[in-house]
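A quick write-up on the structure given underneath.
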Amino acid sequence: DLHSFPTRRSSDLHIVSVTPELLARIAEPVFVVAGGDKRAATAALVRRDPGLIAWRAIDGCARVELWVDAEGYAQERDQL
């Protein structure tokens, strides 16, 4: 079964995407976010924005961790 695959972006970043089936097997996902270009997505995740694919993927999880560097921090005070 294919549960993860490389994703090409215009930058030199190496990104791996995972399928909803894989995420359904993970009890406590951890998001690791670095860089200011992720600030809006980080803020949307903290707000539990249903329009964000990442939020929809983890909506049923009992516990989620979000690790963010200083540049990616969205200045949101809510907890997931």
Where [X] and [Y] come nearest, the two heavy atoms and their spacing:
| X | Y | value |
| --- | --- | --- |
| G51 | R56 | O-NH1, 3.5 Å |
| L45 | L52 | N-CD2, 3.5 Å |
| A27 | C61 | O-CB, 4.2 Å |

Steps toward side chain to side chain contact (heavy atoms under 4.5 Å, CB included) verdict (D49, W55): CA-CA 7 Å; D49 181 348; W55 173 252; 5.6 Å; no
CA sep, side-chain torsions, deciding dist, call: W67, V30, side chain to side chain contact (heavy atoms under 4.5 Å, CB included): CA-CA 7 Å; W67 301 355; V30 176; 3.6 Å; yes
Crowding at CD1, I53 (>12 non-hydrogen neighbours, <6.0 Å): no
Under the side-chain contact (heavy atoms from CB on, under 4.5 Å) test, residues paired with A41 that sit two or more places apart: none
Side-chain heavy-atom pair F31, T42 within 4.5 angstrom cut-off: no
Heavy-atom donor-acceptor pair, R39 side chain to E71 backbone, under 3.5 Å: yes
Any donor-acceptor N/O pair, D69 side chain to G35 backbone, under 3.5 Å: yes
